[in-house]
K.L.:
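Here's a structure for you.
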Amino acid sequence: MDIIFYHPTFDTQYWLKALLTALPGARVREWKRGDNQPADYALVWHPPVEMLQGRDLKAVFALGAGVDSILSKLKAHPDMLADNIPLFRLEDTGMGEQMQEYAVSQVLHWFRRFDDYQALKQQARWEPLTDYQREDFTIGILGAGVLGSKVAEALAPWGFPLRCWSRTRKDYPGITSFAGADELSPFLQGTRVLINLLPNTAETVGIINRGLLNQLADNSYVMNLARGVHLVEADLLKALESGKLKGAMLDVYSKEPLPPESPLWAHPRVAMTPHVAAVTRPAEAVSYIARTITHLEQGESVTGRVDRQRGY
Ligand SMILES: NC(=O)C1=CN([C@@H]2O[C@H](COP(=O)(O)OP(=O)(O)OC[C@H]3O[C@@H](n4cnc5c(N)ncnc54)[C@H](OP(=O)(O)O)[C@@H]3O)[C@@H](O)[C@H]2O)C=CC1
Ligand SMILES: O=C(O)C(=O)CO
């Protein structure tokens, strides 16, 4: 079995070695321009079109959870990957735990009003504030898949009212499920903390816009952990100015790296991280990919296949 690997920034040597250890007998190589030798599997992130074009692969694995960059490249170059070649993505592989840490710590930060106390500290003001009540702190998670459900699971023990929105209805204990476009408005009404974990698709791009933000509870919070294109940044800034939104925590941006002139940098009520909410953990990812390849080779069923029509 031949495996080709391409990632613009990862430590390729680590991956090649780990894949060889996990799949003894496989031949694993870094793909470099001009390499047209046969391969069975390709492991990729932001792949050059020529890496995949014309290849008769058994499967392609994206080295992340989101496949929007691969699918958008495929849209521009439809012959990059034949329709019958399955595309897989990483399911969790350690990203769930990172998203849990991120979301829980930020929700508690807002709930305990540390943002307000930080602002008071800047003015050297000693001022105990009224506590927020859990029942006024409904958390709504956009996207209830692998990562959204993990975040919900981590928030559940804290006792906040929890709800999620997805395409199909969920039956997660203690979490109210809203499904489909018709139930987006009821999901938003009363939501105080909105956490985005949707994939980037034609249906979800720009979804966090003025119309959506206006439906949230007053003094609400937005946490964007998915993709920058989900959020209309100008609408977020206006909602912060109008008082509709109290604060935002952003990990992803319409343009990355975020340009120095973006007004988000200086906004006192916008907290930011540089697209690090959950990163690919190599050891977990290698063992997940090796397990999936082994199952595929044995003709067994696997999960993680991307539905290219659906876009995630
Ligand atoms: N910031 C970061 O560091 C990282 C960001 N991400 C982002 O997180 C995203 C989510 O990852 P993951 O949880 O693994 O993905 P999943 O595919 O497991 O979950 C996606 C969820 O979104 C729902 N959904 C998709 N389209 C719609 C729609 N039109 N209307 C309503 N719900 C919809 C799905 O509904 P249903 O369940 O019904 O199919 C599903 O619940 C990734 O696509 C990626 O962009 C991922 C990793 C790191
Ligand atoms: O895996 C993904 O989709 C990511 O965004 C990694 O940062």
Side-chain angles (χ1 to χ4, degrees), residues 7-10 43-46 61-72 87-103 106 140-154 162-172 175-188 194-208 212 222-231 248-254 256-258 271-282 284-285 288-289 303-312:
H7 194 293
T9 57
F10 281 0
L43 278 46
V44 299
W45 195 246
H46 295 296
F61 286 84
L63 295 168
V67 286
D68 45 342
S69 65
I70 295 181
L71 293 183
S72 70
L87 170 64
F88 290 90
R89 68 186 193 91
L90 297 181
E91 291 178 300
D92 196 337
T93 62
M95 286 186 257
E97 184 182 61
Q98 297 170 69
M99 288 296 186
Q100 290 179 323
E101 294 161 355
Y102 196 114
Q106 189 59 33
I141 305 171
L142 288 171
V146 173
L147 300 177
S149 63
K150 290 286 282 193
V151 164
E153 187 185 303
L162 273 176
R163 52 176 69 168
C164 63
W165 182 70
S166 45
R167 229 172 26 86
T168 56
R169 192 158 320 278
K170 307 297 175 197
D171 186 17
Y172 299 141
I175 297 151
T176 311
S177 165
F178 294 77
D182 290 348
E183 294 185 17
L184 180 58
S185 281
F187 161 86
L188 295 168
L194 185 76
I195 302 177
N196 178 34
L197 276 164
L198 286 167
N200 170 17
T201 68
E203 282 79 42
T204 64
V205 70
I207 191 167
I208 308 177
L212 178 147
V222 167
M223 208 186 299
N224 190 13
L225 308 183
R227 287 291 183 261
V229 291
H230 286 135
L231 171 69
M249 176 82 223
L250 307 179
D251 183 56
V252 286
Y253 308 90
S254 56
E256 296 182 9
L258 185 66
M272 291 161 48
T273 48
H275 200 145
V276 293
V279 299
T280 296
R281 285 190 176 153
E284 283 105 317
Y288 173 87
I289 292 168
T303 61
R305 184 169 176 174
V306 173
D307 179 334
R308 291 205 223 167
Q309 294 311 316
R310 207 177 56 171
Y312 70 99

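Counting starts at 1 for both ligands and their atoms, in listed order. Computed from a predicted structure; not experimentally measured.
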K.L.:
Could an N or O of ligand 1 be found under 3.5 Å from any N or O of T168, whether backbone or side chain?
P.N.:
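In this structure, T168 places an N or O atom under 3.5 Å from an N or O of ligand 1.
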K.L.:
Which protein non-hydrogen atom lies closest to atom 2 (C) of ligand 2, naming both residue and atom, and how far is it?
P.N.:
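Nearest neighbour among protein heavy atoms for atom 2 (C) of ligand 2, to 0.1 Å: A65 N, 3.5 Å.
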K.L.:
Could you establish whether L197 and ligand 1 come within less than 4.0 Å of each other, counting only heavy atoms on the residue side?
P.N.:
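Judged by the 4.0 Å heavy-atom criterion, L197 does count as contacting ligand 1.
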K.L.:
With a cutoff of 4.0 Å, is K150 in contact with ligand 1, counting heavy atoms of the residue only?
P.N.:
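No, K150 has no heavy atom closer than 4.0 Å to ligand 1.
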K.L.:
Are R281 and E97 ion-paired here, with the side-chain N under 4.0 Å from a carboxylate O?
P.N.:
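Salt bridge present between R281 and E97.
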K.L.:
Give yes or no for whether the N/O distance cutoff of 3.5 Å, strictly under, is met between D251 and ligand 1.
P.N.:
yes
K.L.:
Are any of the N/O atoms in V146 less than 3.5 Å from those in ligand 1?
P.N.:
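Yes - when backbone and side-chain N and O of V146 are compared with those of ligand 1, one distance drops under 3.5 Å.
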K.L.:
Please confirm whether V252 comes within less than 3.5 Å of ligand 1 when only nitrogen or oxygen atoms on both sides are compared.
P.N.:
no
K.L.:
Using a plain distance cutoff, I'd like to know if K170 has any nitrogen or oxygen under 3.5 Å from a nitrogen or oxygen of ligand 1.
P.N.:
yes
K.L.:
Return yes or no for this condition: an N or O of L225 is under 3.5 Å from an N or O of ligand 1.
P.N.:
yes
K.L.:
Below 4.0 angstrom from a heavy atom of H275, which ligand 1 atoms are there? Numbered from 1 as shown, please.
P.N.:
1 (N), 2 (C), 3 (O)
K.L.:
Closer than 4.0 Å to some heavy atom of M95 - which atoms of ligand 2 meet that?
P.N.:
1 (O)
K.L.:
How does E91 reach ligand 1, if at all, at less than 4.0 Å between non-hydrogen atoms: by side chain, backbone, both, or neither?
P.N.:
neither
K.L.:
How about T204 and Y312: does a side-chain donor come under 3.5 Å of a side-chain acceptor?
P.N.:
no
K.L.:
Does only the side chain of R89 get under 4.0 Å from ligand 2, or the backbone, or both, or neither? Count heavy atoms.
P.N.:
neither
K.L.:
Tell me, please: is M99 in heavy-atom contact with ligand 1, that is, under 4.0 Å?
P.N.:
yes
K.L.:
At a 4.0 Å threshold, what atoms of ligand 1 neighbour a non-hydrogen atom of A65?
P.N.:
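Those qualifying, in numeric order: 46 (C), 47 (C).
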K.L.:
With atom 22 (O) of ligand 1 as the reference point, say which of P199, S166, G145 has the nearest heavy atom.
P.N.:
P199
K.L.:
Show me which atoms of ligand 1 lie under 4.0 Å from any heavy atom of A226.
P.N.:
5 (C), 7 (C), 45 (O)
K.L.:
Have a look at ligand 1 and work out which part of R167, if any, has a heavy atom under 4.0 Å from it: side chain, backbone, both or neither.
P.N.:
both
K.L.:
Please classify the L142 to ligand 1 contact at 4.0 Å (heavy-atom distances, strictly less than): side chain, backbone, both or neither.
P.N.:
neither
K.L.:
Side chain or backbone, does N200 bring an N or O within less than 3.5 Å of an N or O on ligand 1?
P.N.:
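No; the residue has no nitrogen or oxygen that sits under 3.5 Å from a nitrogen or oxygen of the ligand.
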K.L.:
Examine W165 against ligand 1 and note whether any of their N/O atoms are separated by less than 3.5 Å.
P.N.:
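Looking only at distances, the answer is no, because the N/O contact criterion of under 3.5 Å is not met.
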K.L.:
May I ask you to check whether A278 has an N/O atom sitting below 3.5 Å from an N/O atom of ligand 1?
P.N.:
yes
K.L.:
Can you sort out which atoms of ligand 1 are near G143, meaning under 4.0 Å from one of its heavy atoms?
P.N.:
21 (C), 22 (O), 41 (O)
K.L.:
In terms of residue, atom name and distance, what is the protein heavy atom nearest to atom 4 (C) of ligand 2?
P.N.:
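For atom 4 (C) of ligand 2, the nearest protein heavy atom comes out as H275 NE2, 3.7 Å.
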K.L.:
For atom 6 (C) of ligand 2, grab the closest protein heavy atom and report residue, atom and distance to one decimal in Å.
P.N.:
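The closest heavy atom on the protein side is A278 O, 3.6 Å.
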K.L.:
Taking ring pair (Phe, Tyr, Trp, His ring centres under 6.0 Å) as the definition, give me every residue that meets it alongside F10, ordered by chain and number, with sequence neighbours left out.
P.N.:
H7, W15
K.L.:
For ligand 2, which atoms sit closer than 4.0 Å to a heavy atom of R227?
P.N.:
2 (C), 3 (O), 4 (C), 5 (O)
K.L.:
Only one of L71, I70, V67 forms a side-chain contact (heavy atoms from CB on, under 4.5 Å) with R308, so which one is it?
P.N.:
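The passing option is L71.
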